[in-house]
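Here's the structure, in structure tokens; my notes come after.
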Amino acid sequence: MIQIAIDGPSGAGKSSLARRLAGELGFLYVDTGALYRAIGLYMMRAGVEMTDPAQVLPQLKKLQLELRYIDGAQHVFLNGEDVSEEIRREPVSMAASKVSAHQGVRDFLTETQREIARKNNVLMDGRDIGTVILPDAQIKIFLTASAEERARRRTLELQQKGQKVDYEEVLEDIRRRDYDDSHRAAAPLRQAEDAVLVDTTGDDFETVFQKLCALIRGRLA
Ligand code: DC
């Protein structure tokens, strides 16, 4: 099986690029952030203090997560409920960032992610795919862009979905999440040594897409 890992900070364009690249290659696209988001949503609903592992970890026993592919799109099911839409809300982003800092939460999701990659050619995006989940991935890409550019893209994306958002707030959230994601003790966000760094600041989607296509095809040839 072929494994392609795409890691990087939030809002770098990973998911839209990875989805389209996977379609182009005929690989399964796995958005691992959705799994952390579903856990964040569950903990929000349960009303637990998300920074406290003693409150978060016992809850995992009650939680069943499943990724299903419907018409080619990934859906995440939380105890049988399709929460794919709800997990995109901003409060859930913050919750996901907090719960993802606990090693127990990461361990809970490790096997789910590896199992998918054992059975399919995958293009998996996340924060620790190249470093922890699939260290032997044939291709590793670390995709990034400046915080301001990522905030602009995220604001636009949320506005297009009809959500009321403020650029400054989105920027602050992105900065806080960048800091939390890269400073946590458990699997912090960092570039794998054998990953190719791609900075998308100032580039439009099509340019980056073509660049990544060429890179992947070159490596797979
Ligand atoms: O990619 P995203 O914005 O949907 O991710 C939501 C949160 O989940 C993000 O703050 C970091 C965390 N995450 C992680 O720790 N490891 C991953 N492989 C994917 C996401």
Side-chain angles (χ1 to χ4, degrees), residues 3-19 22 29-44 50-51 53 56 60 63 65 67 73-76 78 83-117 122-135 137 140-145 147 149-151 153-155 157-158 161 163 165 170-192 195 200:
Q3 304 172 340
I4 303 177
I6 302 194
D7 292 301
S10 58
K14 288 191 308 289
S15 55
S16 39
L17 283 161
R19 191 177 299 117
Y29 166 54
V30 186
D31 163 14
T32 63
L35 296 167
Y36 292 91
R37 286 170 178 270
I39 294 182
L41 175 64
Y42 183 89
M43 300 301 162
M44 268 171 73
M50 276 178 254
T51 52
V56 170
L60 294 174
L63 199 156
L65 287 178
L67 291 184
Q74 174 186 298
H75 287 247
V76 57
L78 170 61
V83 293
S84 312
E85 291 267 317
E86 199 173 349
I87 57 168
R88 295 295 146 202
R89 292 173 40 238
E90 272 311 290
V92 184
S93 304
M94 290 312 295
S97 182
K98 286 186 187 139
V99 297
S100 69
H102 304 306
Q103 187 62 52
V105 168
R106 309 201 70 83
D107 293 344
F108 180 77
L109 292 176
T110 300
E111 194 42 37
T112 308
Q113 296 169 85
R114 288 188 180 153
E115 196 188 342
I116 299 172
V122 290
L123 202 151
M124 198 173 269
D125 93 35
R127 302 295 188 287
D128 63 340
I129 308 307
T131 50
V132 177
I133 303 298
L134 306 176
K140 298 181 186 179
I141 294 163
F142 194 83
L143 199 69
T144 190
E149 171 117 355
R150 288 184 283 129
R153 293 180 192 162
R154 189 71 134 204
T155 306
E157 185 188 322
L158 293 170
K161 283 187 190 158
Q163 293 184 34
V165 278
V170 175
L171 179 60
E172 204 185 304
D173 272 5
I174 281 189
R175 288 205 171 116
R176 190 172 332 129
R177 276 211 284 157
D178 278 359
Y179 184 87
D180 291 346
D181 292 348
S182 52
H183 286 79
R184 67 187 177 209
L189 172 67
R190 67 176 177 81
Q191 184 183 342
T200 70

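Note that ligands are numbered from 1 as they come in the structure, with each ligand's atoms numbered from 1 the same way.
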Rounded to the nearest 0.5 Å, how far does [atom2] of [Y] lie from [atom1] of [X]?
{"X": "Leu158", "Y": "Arg89", "atom1": "CG", "atom2": "CZ", "answer": "11.5 Å"}
{"X": "Ile87", "Y": "Glu85", "atom1": "CD1", "atom2": "CD", "answer": "9.5 Å"}
{"X": "Arg127", "Y": "Ile6", "atom1": "CZ", "atom2": "CD1", "answer": "12.5 Å"}

Identify the closest protein heavy atom to [atom]: which residue and atom is it, and at what distance?
{"atom": "atom 19 (C) of ligand 1", "answer": "Thr32 OG1, 3.5 Å"}
{"atom": "atom 7 (C) of ligand 1", "answer": "Ala96 CB, 3.7 Å"}
{"atom": "atom 11 (C) of ligand 1", "answer": "Asp181 OD2, 3.6 Å"}
{"atom": "atom 16 (N) of ligand 1", "answer": "Arg106 NH2, 3.0 Å"}
{"atom": "atom 8 (O) of ligand 1", "answer": "Tyr36 CB, 3.5 Å"}
{"atom": "atom 12 (C) of ligand 1", "answer": "Ser100 OG, 3.6 Å"}
{"atom": "atom 3 (O) of ligand 1", "answer": "Arg37 NH2, 3.0 Å"}

Interfacing atoms of ligand 1 (cut-off 4.0 Å, heavy-atom, [X]):
{"X": "Gly33", "answer": "4 (O), 5 (O), 19 (C), 20 (C)"}
{"X": "Ser97", "answer": "10 (O)"}
{"X": "Arg184", "answer": "14 (C), 15 (O)"}
{"X": "Gly126", "answer": "17 (C), 18 (N), 19 (C)"}

*Would you check, one step at a time, whether the test side-chain contact (heavy atoms from CB on, under 4.5 Å) holds for Leu60 with Ile39?*
CA-CA 8 Å; Leu60 294 174; Ile39 294 182; 4.2 Å; yes
Ignoring angles and geometry beyond distance, decide whether [X] reaches within less than 3.5 Å of ligand 1 through its nitrogen or oxygen atoms.
{"X": "Arg177", "value": "yes"}
{"X": "Asp31", "value": "no"}
{"X": "Ser10", "value": "no"}

Under 3.5 Å side-chain donor-acceptor pair for [X] and [Y]:
{"X": "Arg153", "Y": "Thr200", "answer": "yes"}
{"X": "Ser182", "Y": "Arg190", "answer": "no"}
{"X": "Asp181", "Y": "Ser97", "answer": "yes"}

_Can you give me the closest heavy-atom contact between Leu171 and Ala147, atom names plus distance?_
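That closest heavy-atom pairing would be CD1-O, 3.6 Å.
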*asked:* Testing the basics here: between Asp7 and Lys14, what is the closest heavy-atom pair and its distance to 0.1 Å?
replied: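 Looks like C-CD, 3.6 Å.
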*With respect to atom 1 (O) of ligand 1, which of Arg88, Lys14, Arg127, Met124 exhibits the smallest heavy-atom separation?*
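Considering heavy atoms of Arg88, Lys14, Arg127, Met124, the nearest to atom 1 (O) of ligand 1 sits in Arg127.
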*When Asp128 is tested against each of Lys140, Arg184, Arg106 for salt bridge (Lys or Arg N to Asp or Glu O under 4.0 Å), which residue passes?*
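Testing Asp128 for a salt bridge (Lys or Arg N to Asp or Glu O under 4.0 Å) against Lys140, Arg184, Arg106 leaves exactly one candidate, Arg106.
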_Region of Arg176 engaging ligand 1 - heavy atom pairs below 4.0 Å_ =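 Under 4.0 Å from ligand 1, Arg176 contributes no heavy atoms.
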